[in-house]
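Have a look at the structure below, then the notes.
Residue numbering restarts at 1 for every chain, and letters A, B, ... go by the order of the sequence lines.
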2 protein chains.
Amino acid sequence: MQKTVTIEVPRDCGECPIRHRAVCARCESEELTRLEEIKYYRSYEAGQTIVWSGDRMEFVGSVVRGVASLTQTMEDGRTQMVGLLLPSDFVGRPGRESAAYDVVATSDLVMCCFRKKPFEDMMARTPHIAQRLLEMTLDELDAAREWMLVLGRKTAREKIASLLSIIARRDATLNLAGVEGPLEFDLPLTREAMADYLGLTLETVSRQVNALKRDGVIDLIGKRHVIVPDFDRLSEEAGDDSDGGMLS
Amino acid sequence: MQKTVTIEVPRDCGECPIRHRAVCARCESEELTRLEEIKYYRSYEAGQTIVWSGDRMEFVGSVVRGVASLTQTMEDGRTQMVGLLLPSDFVGRPGRESAAYDVVATSDLVMCCFRKKPFEDMMARTPHIAQRLLEMTLDELDAAREWMLVLGRKTAREKIASLLSIIARRDATLNLAGVEGPLEFDLPLTREAMADYLGLTLETVSRQVNALKRDGVIDLIGKRHVIVPDFDRLSEEAGDDSDGGMLS
DNA sequence: CAGCGTCATTGATGCAGATCAAGCGCGTGA
DNA sequence: TCACGCGCTTGATCTGCATCAATGACGCTG
């Protein structure tokens with residue numbers, strides 16, 4: 001059912017995020033080598049479902065290029081995106097049999113994978129990998145909870161601003177640029193995907209995006225390329241604590 | 001500012017949930033003993049804030065009796081509860097400096113605590129504790145994401161039913177009773193706390209709770225004691241997959 | 001370059017839940 | 001015993017977003 005292709009990538013490519021985020025900091029080279037041995041790459045087309053909720057998930061990995069999303073769907077078709085996976089984000093649940101939600105390629109996607117069993121074995125042998133994963137999972141938990149505030153209490157306009165702000169921030173850190181001057185990025189999501197993430201309809205998303213443009217909070221080139229002239233202004237619209245300075 | 005009292009509890013009381021959930025399964029008695037050494041108890045009154053978002057959090061622990069909640073607040077006062085901590089739930093973030101949200105005692109509360117540093121040391125020495133914590137954190141992440149669906153896509157009535165269903169389920173497993181016949185429990189939350197959890201106003205909560213009562217989905221004794229005559233009916237109202245049987 | 005599919009915009013209308021405003025029941029303390 | 005506060009209910013009204021319905025803009029393919 002599922003069309004996947006293993007593609008060619010240099011073995012020790014600097015891109016592989018697992019290497020950076022999960023093990024690199026404290027790993028002895030011996031362990032790193034073992035990880036390299038069980039590593040492989042997969043690519044997916046936009047729209048493809050990578051894993052269905054409830055299915056056996058036989059690998060863990062992380063996003064190299066593109067965007068994936070975690071979504072939950074009710075019987076009647078209402079869907080809610082519960083996670084947005086950008087490059088360097090980790091996917092999978094060591095110690096779990098099956099996926100708890102659908103994993104969908106939102107754009108064309110390349111993932112760096114490890115078969116689950118060998119990865120778990122390695123975890124058992126290498127305690128600090130479990131600790132690193134715990135930290136990453138705590139980060140995800142924080143993100144999920146921040147998103148609960150967005151979903152539960154923010155207005156449509158604030159929701160849009162929050163989403164743009166998050167993507168802009170992620171993009172800025174990826175580009176290693178100091179956050180100065182206007183920020184630019186391509187929206188990796190359709191209006192519908194944005195709506196699913198924000199608990200809105202696509203019509204409302206469209207209206208509010210254009211309202212933000214009208215009000216000069218953002219500028220749009222085409223439908224997907226966003227320019228943020230003043231990031232603080234955007235944060236303000238998102239209802240975030242802007243809190244420029246620290247206390248005491 | 002904070003009024004806390006250390007209370008008397010037998011040292012190796014069977015109640016301590018950390019023992020059950022975090023370590024008991026595979027721990028050698030030696031490690032268990034070390035945990036006992038650094039264990040202590042705290043009690044709080046309903047309404048007390050246990051930790052403020054951003055504060056240093058110098059302990060981890062779990063709920064023994066009562067209910068605590070994790071809440072986030074915007075500058076203008078809008079608040080969203082992002083986690084509900086019932087007895088046996090774990091609080092705290094090993095490896096983290098400060099709390100990411102307010103922790104509030106929603107009812108009178110007893111917690112079993114460990115000072116953070118010794119607990120972390122023990123984690124470092126005892127790999128499977130980190131693995132157990134990872135599992136628990138993944139559970140929390142699943143719960144948070146399920147809640148995102150509730151917040152983003154469910155109607156007020158479905159939200160109420162979802163909350164009741166979760167509490168009923170938790171209560172049932174705590175009482176170790178097979179889930180048969182009518183389920184009964186006390187709501188450990190005010191209408192306002194429910195509203196904060198569900199992203200609603202307290203008026204809407206009140207109306208919908210009474211609507212569920214009118215429709216015979218639940219019965220109320222006083223304002224807090226709930227009787228669920230038919231749990232499947234409640235799940236249906238919550239919009240959950242009821243999916244009585246398994247496939248294949 | 002016509003025809004189609006996908007993604008996005010825009011307008012008109014309706015409704016679920018917020019907001020505003022009383023009022024009730026019950027425990028508590030003077 | 002009364003008054004006060006707190007948690008909750010109930011009603012009237014308002015509004016932000018959903019819903020329904022066209023239409024527009026782009027890219028792809030024949």
Side-chain angles (χ1 to χ4, degrees), chain A residues 45-48 67 74 76-80 104-108 150-164 186-215 218-226 237 239, chain B residues 45-48 67 74 76-80 106-108 150-164 186-214 218 220-226 237 239:
Chain A
E45 290 171 14
Q48 257 191 294
V67 183
M74 297 172 63
D76 62 7
R78 280 178 282 177
T79 82
Q80 174 66 49
V104 182
T106 294
S107 67
D108 289 344
V150 172
L151 290 173
R153 293 300 186 193
K154 292 195 177 178
T155 65
R157 172 185 261 246
E158 288 169 335
K159 285 177 173 181
I160 300 287
S162 298
L163 178 58
L164 294 178
D186 279 312
L187 263 183
L189 300 171
T190 64
R191 300 291 126 113
E192 188 179 17
M194 292 172 70
D196 282 344
Y197 199 28
L198 296 166
L200 300 169
T201 59
L202 64 92
E203 292 95 329
T204 299
V205 170
S206 179
R207 279 186 247 269
Q208 296 298 337
V209 167
N210 290 319
L212 287 176
K213 176 179 178 178
R214 250 200 323 284
D215 299 346
I218 60 171
D219 203 1
L220 281 178
I221 300 189
K223 292 154 194 313
R224 295 294 194 86
H225 191 81
V226 180
E237 290 284 352
Chain B
E45 291 171 13
Q48 258 191 292
V67 183
M74 297 172 63
D76 63 7
R78 281 176 281 176
T79 83
Q80 174 66 49
T106 294
S107 67
D108 289 343
V150 173
L151 290 173
R153 293 301 186 192
K154 291 195 178 178
T155 65
R157 172 184 262 246
E158 288 168 336
K159 284 177 173 180
I160 300 287
S162 297
L163 178 58
L164 294 178
D186 279 310
L187 263 183
L189 301 171
T190 64
R191 301 292 125 114
E192 189 178 15
M194 292 172 70
D196 283 345
Y197 199 28
L198 296 167
L200 299 169
T201 59
L202 64 89
E203 293 94 331
T204 300
V205 169
S206 178
R207 279 186 249 269
Q208 296 297 337
V209 166
N210 291 319
L212 287 176
K213 177 180 178 178
R214 249 201 323 284
I218 59 171
L220 281 179
I221 299 190
K223 289 150 193 318
R224 294 293 195 88
H225 192 80
V226 181
E237 290 285 350

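- Taking CE of B:M194 as the reference point, atom NZ of B:K159 lies at 12.5 Å (rounded to 0.5 Å).
- Between A:L212 and A:L164 the shortest side-chain heavy-atom distance falls below 4.5 Å.
- As rounded to whole Å, 11 Å separates atom C1' of D:dC8 from atom CD of B:E192.
- Within residues 152-162 of chain A, the residues approached by DNA chain D to less than 4.0 Å at the level of any non-hydrogen atom are A:T155, A:A156, in residue-number order.
- Contacts of A:T79 classified as side-chain hydrogen bond (donor to acceptor under 3.5 Å, both in side chains), with partners at least two apart in sequence or in another chain: A:D196.
- Two residues, B:R207 and A:L200, neighbour DNA chain D, and the one matched to the more 5' nucleotide by heavy-atom proximity is B:R207.
- Considering all non-hydrogen atoms of both residues, A:L198 and A:V150 come closest at CD2-CG1, 4.5 Å.
- With rounding to whole Å, A:D196 atom CG is found 12 Å from D:dA18 atom P.
- B:R191 meets the side-chain hydrogen bond (donor to acceptor under 3.5 Å, both in side chains) test with no other residue; sequence neighbours excluded.
- B:R78 places a side-chain N or O within 3.5 Å of a backbone atom of A:R153 that can act as its donor or acceptor partner.
- Taking only side-chain nitrogens and oxygens, B:R191 comes nearer than 4.0 Å to OP1 or OP2 of D:dT9.
- The nearest whole Å value for the distance from the CD atom in B:E45 to the P atom in D:dC6 is 15 Å.
- With hydrogens and angles disregarded, a donor-acceptor distance shorter than 3.5 Å links the side chain of A:S162 to the backbone of A:E158.
- Taking each heavy atom of B:R224 and B:T190 in turn, the nearest pair found is NH2-CG2, 3.3 Å.
- Within 4.0 Å (heavy atoms only), B:G199 reaches sugar-phosphate atoms of the nucleic acid but no base atom.
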Any protein N or O atoms within reach of nucleotides 21-25 of chain D? Criterion: under 3.5 Å, listing atom names and distances.
none

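- Annotation for B:Y197 and B:L163: closest pair CD2-CD1, 3.5 Å, computed over non-hydrogen atoms.
- In this structure B:K213 satisfies the side-chain contact (heavy atoms from CB on, under 4.5 Å) test together with B:I218, B:D219, B:L220, sequence neighbours excluded.
- Each of B:V209, B:N210, B:L202 was compared with B:S206 under the side chain to side chain contact (heavy atoms under 4.5 Å, CB included) criterion, and only B:N210 meets it.
- Taking 4.0 Å as the cutoff to heavy atoms of chain A, we find the contact window on DNA chain C bounded by C:dA8 to C:dA12.
- Using a 4.0 Å heavy-atom distance criterion, A:T190 is classed as a sugar-phosphate-only contact.
- Between B:R224 atom CZ and D:dT9 atom C1' there is a gap of 14 Å when expressed in whole angstrom units.
- Distance CZ (B:R214) to C1' (D:dT10): 11 Å, rounded to an integer number of Å.
- In this structure, the CG atom of B:N210 is 11 Å from the P atom of D:dC8, given to the nearest Å.
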